Amino acid sequence: GMPDVRAILALALCNSRITQDLTAQMGTKEKLMVLTIHIYLAHTWLEDEDIILGDWHRHLFKKYCSFDALTDAVKKLWSLRDFRIAVP
């Protein structure tokens with residue numbers, strides 16, 4: 001429900017601070033894609049029934065990047081976060 005959506009977005013926004021310097025020179029679309037990956041990571045952390053990355057790619061990223069590029073970006077964001085979720 002709506003509380004879940006708010007929690008996912010809040011967690012994604014808090015964790016996106018880690019990439020502010022990295023995304024400073026990016027265009028708007030690329031910044032939105034990075035934020036969407038943060039949303040994906042928050043969603044998989046908070047929800048018991050997560051949506052697989054392939055589905056996120058098919059619905060949100062397919063026109064933007066390959067599945068392999070998305071997987072690499074997810075791994076990079078996880079490593080930048082030291083493979084942890086920051087819970088405020």
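When a residue number appears, it is its place in the shown sequence, counting from 1. Since this is a predicted model, take the numbers as computed values, not measurements.
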Check: Does the side-chain hydrogen bond (donor to acceptor under 3.5 Å, both in side chains) test come out yes or no for H38 and R17, once each step is laid out?
Finding: CA-CA 10 Å; H38 283 292; R17 293 179 302 186; over 6 Å; no
Note to self: Applying side chain to side chain contact (heavy atoms under 4.5 Å, CB included) to T36 and W56, what does each step give before you reach the verdict?
What the structure shows: CA-CA 9 Å; T36 304; W56 283 75; 4.2 Å; yes
Next item on the list: Kindly give the heavy-atom pair with the smallest separation between K75 and F83, and that separation in Å.
Entry: O-CE2, 4.5 Å
Next item on the list: Would you give the length of the straight line joining atom OG of S16 to atom CZ of R81, rounded to the nearest 0.5 angstrom?
Entry: 9.0 Å
Margin query: Going by the rule salt bridge (charged side-chain N to carboxylate O under 4.0 Å, His left out), which residues pair with R6 if we only count those two or more places apart in sequence or in a different chain?
Written below: none
Margin query: Among residues at least two apart in sequence or on other chains, which ones pass ring-ring contact (aromatic ring centres under 6.0 Å, His included) with F67?
Written below: H57
Item checked: Short side-chain to backbone donor-acceptor contact, T19 and L22, under 3.5 Å -> no
Check: If every non-hydrogen atom of V34 is compared with every non-hydrogen atom of T23, which pair is closest and at what distance?
Finding: CG1-CG2, 3.9 Å
Notebook entry, point to check: Of all heavy-atom pairs between Y40 and I51, which one has the smallest distance, and what is that distance?
Noted result: CE1-O, 3.6 Å
Note to self: What verdict does the side chain to side chain contact (heavy atoms under 4.5 Å, CB included) test give for L53 and T44, after you've listed the backbone C-alpha separation in whole Å, the side-chain angles of each residue and the deciding distance to 0.1 Å?
What the structure shows: CA-CA 9 Å; L53 187 57; T44 59; over 6 Å; no
Notebook entry, point to check: How many angstroms lie between CG in D72 and CG in L77, if you round to the nearest 0.5 Å?
Noted result: 11.5 Å
Notebook entry, point to check: Transitively linked via ILVMFWY side-chain contacts under 4.5 Å: L70 with L32?
Noted result: no
Check: Should I37 and W78 be counted in the same cluster of Ile, Leu, Val, Met, Phe, Trp and Tyr side chains packed under 4.5 Å apart?
Finding: yes
Note to self: What's the separation between atom NZ in K31 and atom CG in L35, rounded to the nearest 0.5 Å?
What the structure shows: 11.5 Å
Check: In this structure, are over 12 heavy atoms from other groups packed under 6.0 Å from D21 atom CG?
Finding: no
Note to self: Please find the pair of heavy atoms, one from A12 and one from A42, that lie closest to each other, and give the distance.
What the structure shows: N-CB, 3.9 Å
Next item on the list: Could you please spell out the steps behind the side chain to side chain contact (heavy atoms under 4.5 Å, CB included) verdict for E47 and I8?
Entry: CA-CA 9 Å; E47 294 296 313; I8 290 166; 3.8 Å; yes
Note to self: Is there a side-chain contact between I39 and L11 in this structure, where contact means two heavy atoms from C-beta onward sitting under 4.5 Å apart?
What the structure shows: no
